[in-house]
Amino acid sequence: MADKAADNMAVAAGGDDNGHGGEDEVLEAPVRGSADELLDAGAHAPIDAMRHSTAHVMAEAVLDLFPGAKLGIGPAVENGFYYDFDLSRPLTPDDLALIEARMAESVRADHPFVRREVGFDEGRKLEAEAGQAFKVEILDDLAKKAVEAGGPMPPVTFYEHGPFRDLCKGPHVESTGRIGPFRLLSVAGAYWRGDEKRPMLQRIYGTVWETQEQLDQYLWRREEAKKRDHRKLGRELDLFSFHDVAPGAAFWHPKGWRVYQTLRNAMRELQDRRGYEEIYTPPLVHQKLWERSGHWEHYRDGMYLVDVEDQWFSLKPMNCPESSFIYRSKLRSYRDLPLRLSEYGVLHRNELSGVLSGLTRVRHFVTDDAHIYVRPDQIAAEIEGLMGEIRESYSWFGLTPTLTFGTRPDKALGDPATWEETEALMRGELERSGLAYREKPKDGAFYAPKIDIQVTDALGREWQTATIQVDRLMLPERFDLSYIDEAGTQQRPVAIHRAIYGSLERFIGILVEHFGGAFPLWLAPVQAVVIPIADRHVPAAQELAAELRAGGVRFVEVDDSDNRMQNKIRLAQGQKVPYMLILGDREVEARSAAVRKRGAGKDVPQEILPWAELAARLGEEIRERRLG
RNA sequence: GCCGACAUAGCUCAGCGGUAGAGCAGCUGUUUCGUAAACAGCAGGUCCUCGGUUCAAAUCCGAGUGUCGGCUCCA
């Protein structure tokens, strides 16, 4: 923990993670895999008791099939359970089927779960004799804790069913027969106690539910999530690709880049309205800047270094230090504030190879970053403005943001009274914003309280997008920022780090999955396809396309292939194009088009609209960023 | 980075010691068609890379790279 805190202390201006991939600086992370946590398998809700019981049954099956297997821990988790094992060989998917079959036998046998409590020494002896080294370790930790607390040795509880016994706090279902329909899902490596220095165990994940219907529903949701996987849709919709010559960096295809630009332009339009000014600073920056910001000392491993004439430069992992150079490029008056500098800077972070994943975890990305320099008395008003920006921009996607307010951690820098003052301001604005928020005490950055933005997508999955931090210390102090107040004296400004989308890459990944590739008209890379029924209708189709473009529908295609109309419809459908406009003799004659709208059911009567009206309607739908 | 799995045509996949296959997409030709796949032909591959075993390797072994599922990390 101490090391971790030290790292964070040194991050200096580096505070704004701005939502790239994730999380915050955890100063007070719970000790993972602590003995208490290990024993208390999280089985509190009734369904969790069943999930945890299923984990026991799975351990029984594994022990049966792999004599000598050592058991790690096996808690209930969201939607299911897992159990960690140390086995003589790697598991294969075929093994899962075998284990499942063996589990089914145990369920049929309907063994009762029996709780047994013994003295500490006897319990430890039982596990030691069984060769369960990990369990012994858990017990020794418990004993150590008891000694430290000056208390007596705790008793040890086991749960037994049939031939199987496990160190466990419970609770469990009555008997194995009470276990509902289950399915083993996957095998993965997991460090013992989450510590990369400890042995790697094999973790089997499974899911179990009260009813077959619930299991089917869950498996369906998994399938649906797979179908919406942005990596798959990105290929199918020709949005982007990845190549081994640049791991962790997307190659944006024309259609993907349309989405990217549309998204960025929407934010630029909002920022113009809100008085932001856009800047651009160099991506390659000298070592001395990173020394000053603290990155050099503590994040060098995560930075891409470039040797230029025997001097070290780094591709920037964040924008804020450079933003401060522009702030300091001239003397600032209190009248200049708030100064809102936005930047779509190209950032590089050398993420570990194993964590890369599509657009959601990349090494090269761009954030809709901004640094807002304000006087202390302007903080509240600025936050209020930011809350409005968040509410508005997320409404473009039909997403409801949830905010998480992280307050002063124990190891915070600076004066607690100042912290409390800032927090009170922020809390007040959170309340007033009407947005849903939860407070996570002590979850702020060590130099600034922060607000994280999360969204829940159409499948109910939560994603972290961006972060707002009210920084009165790091950027202002480390980079010695000042302004001249009414009295002519130097004052420190406050720097608000903020992003709304966070990483554009990640945000597009989320949107692709949220919409399942069916982007609303304003965001769609192909907004309309004009489908001439026969070749003789092609010239009219071109005319219609031109009229639509003139009306503000930028991305219109004419399918003049010699496919039959049916196939053209099928292809456009597969590309999830919002509007198909079909032209045959009747329509050309009347200068109209048959409108086939994406998602409209068969029972909806088809509209035939004049070209001019179509252009006007679609143009309006785009300008208003309607969701369709 | 760690554990495991995977890598064959643009895509989805089959082949698993004996000179590389399908469907879709592509190209060419025919077809000009009324709301989710017209017909025919052609072309397309250092079987991820490097090394090894073997008379013979897409296939077996090793290393590397990338991807996927997790773990750890995430300024």
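Only heavy atoms go into these numbers, but all of them, side chains included; no hydrogens, no water, no symmetry mates. Reminder, nothing fancy here: chain letters follow the sequence lines and each chain counts from 1.
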Do the side chain of [X] and the base of [N] come within less than 3.5 angstrom through a donor-acceptor pair of N or O atoms?
| X | N | result |
| --- | --- | --- |
| A/Arg349 | B/C73 | no |
| A/Arg536 | B/U32 | no |
| A/Tyr191 | B/G1 | yes |
| A/Glu587 | B/G34 | yes |

request  = Apply salt bridge (charged side-chain N to carboxylate O under 4.0 Å, His left out) to A/Asp562 and list each qualifying residue two or more places apart in sequence or on a separate chain.
outcome  =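 Testing A/Asp562 for salt bridge (charged side-chain N to carboxylate O under 4.0 Å, His left out), a comparison that skips the adjacent residues, returns none.
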task = Could you tell me which residues satisfy salt bridge (charged side-chain N to carboxylate O under 4.0 Å, His left out) with A/Lys135, sequence neighbours excluded, listed by chain and number?
result =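 Expected list: A/Asp166.
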Would you list the atom pairs, donor with acceptor, under 3.5 Å between side chains in residues 524-539 of chain A and any protein atom, with sequence neighbours excluded?
{"unit_1": "A/Gln527", "atom_1": "OE1", "unit_2": "A/Arg554", "atom_2": "N", "d": "3.0"}
{"unit_1": "A/Gln527", "atom_1": "OE1", "unit_2": "A/Phe555", "atom_2": "N", "d": "2.9"}
{"unit_1": "A/Gln527", "atom_1": "NE2", "unit_2": "A/Leu521", "atom_2": "O", "d": "3.1"}
{"unit_1": "A/Arg536", "atom_1": "NE", "unit_2": "A/Asp585", "atom_2": "OD1", "d": "3.0"}
{"unit_1": "A/Arg536", "atom_1": "NH2", "unit_2": "A/Asp585", "atom_2": "OD1", "d": "3.4"}
{"unit_1": "A/Arg536", "atom_1": "NH2", "unit_2": "A/Asp585", "atom_2": "OD2", "d": "2.9"}
{"unit_1": "A/His537", "atom_1": "ND1", "unit_2": "A/Ala534", "atom_2": "N", "d": "2.9"}
{"unit_1": "A/His537", "atom_1": "ND1", "unit_2": "A/Ala534", "atom_2": "O", "d": "3.4"}
{"unit_1": "A/His537", "atom_1": "NE2", "unit_2": "A/Asp585", "atom_2": "N", "d": "3.2"}
{"unit_1": "A/His537", "atom_1": "NE2", "unit_2": "A/Asp585", "atom_2": "OD1", "d": "2.7"}

request  = With the side chain of A/Asp244 defined as its heavy atoms from C-beta on, choose the nearest nucleotide among B/C73, B/U35, B/G66.
outcome  =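 When the side chain of A/Asp244 is considered, B/G66 is the closest of B/C73, B/U35, B/G66.
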inquiry  = Of the options B/C71, B/G1, B/A36, whose atoms approach the side-chain atoms of A/Tyr205 most closely?
reply    =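 Selected nucleotide: B/C71.
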For [X], answer base if it contacts any base atom (sugar-phosphate contacts may also be present), sugar-phosphate if it contacts only those atoms, and nothing otherwise; contact means non-hydrogen atoms under 4.0 Å.
| X | value |
| --- | --- |
| A/Arg596 | base |
| A/Pro317 | base |
| A/Asp195 | nothing |
| A/Gln573 | base |
| A/Ala572 | nothing |
| A/Gly72 | nothing |
| A/Gln606 | base |
| A/Gly302 | base |

Qualifying residues under side chain to side chain contact (heavy atoms under 4.5 Å, CB included), relative to [X], sequence neighbours excluded:
| X | answer |
| --- | --- |
| A/Val187 | A/Leu91, A/Leu96, A/Gln202 |
| A/Ser592 | A/Glu587, A/Ala590, A/Ile608 |
| A/Leu352 | A/Val355 |

Protein-nucleotides 39-43 of chain B N/O pairs closer than 3.5 Å?
none

request  = Determine the interatomic distance between P on B/A20 and the same-named atom on B/G26; round to the nearest Å.
outcome  =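 Those two atoms are separated by 27 Å.
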message = Using atom C1' in both nucleotides, what's the gap between B/A56 and B/G70 to the nearest angstrom?
response =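 B/A56 and B/G70 have their C1' atoms separated by 40 Å.
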key: Reading 5' to 3' through nucleotides 24-29 of chain B, protein heavy-atom contacts under 4.0 Å coded B for base, S for sugar-phosphate only, - for none   = ------
ask   = In the 5'-to-3' direction, what one-character label does each nucleotide of nucleotides 3-13 of chain B receive under the scheme B = base within less than 4.0 Å of a protein heavy atom, S = sugar-phosphate only, - = no such atom?
value = BS------SS-
ask   = For atom CD of A/Glu462, is the number of surrounding heavy atoms from other residues, nucleotides or ligands below 6.0 Å larger than 12?
value =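 Count over threshold, so yes.
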query = Starting at the 5' end of RNA chain B and moving along, which residue's nearest nucleotide shows up first, A/Leu352 or A/Ser186?
reply =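 Its nucleotide being nearer the 5' end, the pick is A/Leu352.
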request  = Could you say whether A/Ile569 or A/Arg231 is positioned toward the 5' end of RNA chain B, judged by the nucleotide with the nearest heavy atom to each?
outcome  =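 It is A/Ile569, whose closest nucleotide lies nearer the 5' terminus.
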query = Any donor-acceptor pair under 3.5 Å linking the side chain of A/Asp452 with the backbone of A/Thr404?
reply =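 Side chain of A/Asp452 to backbone of A/Thr404, a donor-acceptor pair under 3.5 Å: no, none is there.
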key: Student check: side-chain heavy atoms of A/Tyr579 and A/Leu614 closer than 4.5 Å   =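 No. Closest side-chain heavy atoms not under 4.5 Å.
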query = Given A/Ile453 and A/Leu403, is the side chain to side chain contact (heavy atoms under 4.5 Å, CB included) satisfied, shown in steps?
reply = CA-CA 5 Å; A/Ile453 307 175; A/Leu403 307 180; 3.8 Å; yes
task = Flag the pair A/Phe313 / A/His286 as yes when their ring centroid distance falls below 6.0 Å, and as no otherwise.
result =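 For A/Phe313 and A/His286, the ring centres are under 6.0 Å apart.
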query = Who passes side chain to side chain donor-acceptor pair (under 3.5 Å) against A/Gln573, sequence neighbours left out?
reply =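 For A/Gln573, no residue satisfies side chain to side chain donor-acceptor pair (under 3.5 Å) once neighbours in sequence are set aside.
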ask   = By side chain to side chain donor-acceptor pair (under 3.5 Å), which residues pair with A/Asp86, not counting sequence neighbours?
value =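 Side chain to side chain donor-acceptor pair (under 3.5 Å) list for A/Asp86, sorted by chain: empty.
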note = Pairs under 3.5 Å (Watson-Crick or G-U), crossing ones as [ ], inter-strand ones as |: RNA chain B comes out as (((((((..((((....[..)))).(((((.......))))).....(((((..]....))))))))))))....
key: Residue pair A/Met565 / A/Ile582: nearest heavy atoms and the distance that separates them   =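 So the minimum-distance heavy-atom pair works out to SD-CG2, 4.1 Å.
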inquiry  = Is the phosphate of B/A38 approached by A/Arg564 (side-chain N or O, under 4.0 Å from OP1 or OP2)?
reply    =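 Checking A/Arg564 against B/A38: at least one side-chain N or O falls below 4.0 Å of OP1 or OP2.
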query = Taking atom types as modelled, is there a side-chain donor on A/Glu543 or A/Trp611 under 3.5 Å from an acceptor on the other?
reply =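 A/Glu543 vs A/Trp611: no donor-acceptor pair found between side chains.
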